[in-house]
Trainee: 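Dropping a structure here in structure tokens format, bear with me for questions.
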Amino acid sequence: MEGGAIFSLVLFVLAVVAVSQAVVVVRQGFEYTLERFGRYTTTLKPGFSLIIPFIDRVGRRVNMMEQVLDIPTQEIITKDNAIVAVDGVVFYQVLEAAKAAYEVSDLVVATTNLSQTNLRTVMGSMDLDETLSKRDEINARLLSVIDHATSPWGVKVTRVEVKDIRPPSDIVNAMGRQMKAEREKRAVMLEAEGQRAADILRAEGAKQAQILEAEGRREAAFRDAEARERSAEAEAAATKMVSEAIANGNTQAINYFVAQKYTEALTAFATSPNAKTLFLPLEASALIGSIGGISELVKSAGLPAKDGGASPWGPRP
């Protein structure tokens, strides 16, 4: 091969290499840093880019998507000297590729160590019960601290989650017994409260029943008194009318009044449940005479005696 042909071949190869060095295609979700003679100059965004071959070169290929970083399990001593095993995850995203590439030598290792140390710090300031019950507070404090520490690296920490907290087995057993005792205590308290409520309800019911019974007795006594009052008024009116009849010279009214009283007394003795034998402390002729007086009285009034017509001094009250 002639020298000219060899030179042309070399030029062709150099041209091909130069073109390949000048063309850079950045994938979606990544950004490339561009270095000129080893110094950072700019950042290449996703897509097609041209650079100066043999002078510019791609420095770091930075993943700009949100990533998950596992925090390895580690043992932590809490404030009350309990040892617990804890692990977690950190969600972060690179916002500035240049800072992530040149402000820290290894972003993943640095973020992992930073998360582990802050996890020990946060949980070491809490009691065991707080570490188990305040997981959200732990996550929030870790997020604030780690995000602030990684901000100079162009990184945004979006979430920090503590995955698992494992106390020693003896503490777990003690916690189980404590939980059982607390639940039994709560059950006893609830049962006592229920019994107390039932007793109160029964007492309220008995009280209400006694009140209603007393009101019933009062109402009955009131009505009895009213009935006796009406009866006394009627008796007084009848007596008055008989007295007026006597004053007017009608002596038969006396016989009628006495006969009526005899008849009522005899009826009361006869209807008494304890009266097996009835003795009459009166003379039968007196009663018959009184009844005869009534007949005379009815005849003098000119009314038939059998139909129960009105008396000469008016209707019976």
Side-chain angles (χ1 to χ4, degrees), residues 27-33 40 43 45-46 60-186 189-190:
R27 292 184 299 164
Q28 184 66 38
F30 287 81
E31 290 184 0
Y32 296 170
T33 61
Y40 168 77
T43 300
K45 302 297 181 181
R60 302 287 182 86
R61 293 174 171 82
V62 181
N63 188 342
M64 305 300 291
M65 295 179 287
E66 186 172 3
Q67 301 177 65
V68 181
L69 178 65
D70 285 328
I71 303 176
T73 302
Q74 58 180 331
E75 291 186 346
I76 296 176
I77 301 176
T78 61
K79 187 178 180 180
D80 52 350
N81 297 324
I83 300 176
V84 294
V86 184
D87 59 358
V89 292
V90 175
F91 297 83
Y92 71 96
Q93 185 176 15
V94 176
L95 301 181
E96 299 179 59
K99 290 184 178 180
Y102 302 108
E103 294 295 336
V104 60
S105 62
D106 191 327
L107 179 62
V108 173
V109 174
T111 304
T112 301
N113 292 331
L114 184 64
S115 302
Q116 286 184 305
T117 55
N118 283 282
L119 185 59
R120 287 195 294 270
T121 301
V122 172
M123 297 189 66
S125 63
M126 295 181 171
D127 296 333
L128 176 61
D129 292 339
E130 292 179 337
T131 60
L132 297 175
S133 60
K134 298 182 178 179
R135 185 169 297 197
D136 291 340
E137 180 180 347
I138 295 173
N139 294 336
R141 291 175 61 181
L142 285 174
L143 176 61
S144 176
V145 173
I146 298 174
D147 182 54
H148 180 73
T150 57
S151 180
W153 303 340
V155 173
K156 175 64 179 177
V157 177
T158 56
R159 290 193 304 275
V160 177
E161 298 288 343
V162 175
K163 289 198 301 185
D164 196 11
I165 302 176
R166 296 186 297 275
S169 58
D170 55 343
I171 294 180
V172 173
N173 294 333
M175 292 171 63
R177 293 195 300 272
Q178 180 183 1
M179 180 188 66
K180 181 180 179 181
E182 290 180 353
R183 291 187 179 277
E184 290 177 352
K185 174 185 174 183
R186 190 181 305 173
M189 293 176 63
L190 290 175

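The chain is numbered in sequence order, starting from 1.
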Trainee: Taking the six-membered ring of Phe30 as reference, does the NZ or CZ atom of Arg61 fall below 6.0 Å from its centre and within a 45° cone about the axis?
Mentor: no
Trainee: Is there a donor-acceptor contact under 3.5 Å from the side chain of Gln116 to the main chain of Gln74?
Mentor: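 No, because the side chain of Gln116 does not come within donor-acceptor range (under 3.5 Å) of the backbone of Gln74.
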Trainee: Quick check: does any side chain N or O of Thr117 sit under 3.5 Å from a backbone N or O of Asn113, one acting as donor and the other as acceptor?
Mentor: yes
Trainee: Starting at CG of Leu119, measure out to CG of Leu142 and round the result to the nearest 0.5 Å.
Mentor: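 Nearest 0.5 Å value for the CG-CG distance: 5.5 Å.
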Trainee: Got a donor-acceptor contact below 3.5 angstrom from the Asp164 side chain to the Asp87 backbone?
Mentor: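 Not confirmed, Asp164 side chain does not pair with Asp87 backbone.
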Trainee: Please give me the minimum heavy-atom distance between Ser105 and Arg60, naming the atom from each residue.
Mentor: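 Taking Ser105 first and Arg60 second, the nearest heavy atoms are O-NH1, 4.4 Å.
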Trainee: Is the number of heavy atoms from other residues, nucleotides or ligands under 6.0 Å of Met189 CE greater than 12?
Mentor: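 No, CE of Met189 has 12 or fewer neighbouring heavy atoms, counting only those of other groups under 6.0 Å.
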Trainee: Could you pull out the closest heavy-atom pair between Tyr92 and Leu69, with the gap in Å?
Mentor: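 Taking every non-hydrogen atom into account, CE2-CB, 3.9 Å.
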Trainee: Filter on side chain to side chain donor-acceptor pair (under 3.5 Å), then keep only pairs touching residues 128-140, sequence neighbours left out; what's left?
Mentor: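 For residues 128-140, and leaving out neighbouring residues, the side chain to side chain donor-acceptor pair (under 3.5 Å) pairs sorted by first residue read Asn139-Glu161.
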Trainee: Can you establish whether the number of heavy atoms outside Lys79 located under 6.0 Å from its atom NZ is more than 12?
Mentor: no
Trainee: Please indicate whether Ile77 has more than 12 foreign heavy atoms, meaning atoms of other residues, nucleotides or ligands, lying under 6.0 Å from its CD1.
Mentor: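 No, not enclosed.
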Trainee: If you draw a 6.0 Å radius around CZ in Arg166, do more than 12 non-hydrogen atoms from other residues or ligands fall strictly inside?
Mentor: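 Check passes, neighbour count above 12.
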Trainee: So, does Gln93 use its side chain to make a donor-acceptor pair with the main chain of Met64 at under 3.5 Å?
Mentor: yes
Trainee: Are the side chain of Ser151 and the backbone of Asp147 linked by a donor-acceptor contact shorter than 3.5 Å?
Mentor: no
Trainee: Is it the case that the side chain of Asp106 and the backbone of Val108 share a donor-acceptor pair, with hydrogens and angles ignored and the cut-off at 3.5 Å?
Mentor: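 Indeed, once roles are kept as given, a pair shorter than 3.5 Å links the two residues.
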Trainee: Would you say the side-chain atoms of Asn118 pair up with the backbone N or O of Leu114, donor to acceptor, closer than 3.5 Å?
Mentor: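 Yes; judged by distance alone, with no hydrogens or angles, the pair exists.
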Trainee: Calculate, to the nearest 0.5 Å, the distance between atoms CZ and NZ belonging to Arg177 and Lys180 respectively.
Mentor: 10.5 Å
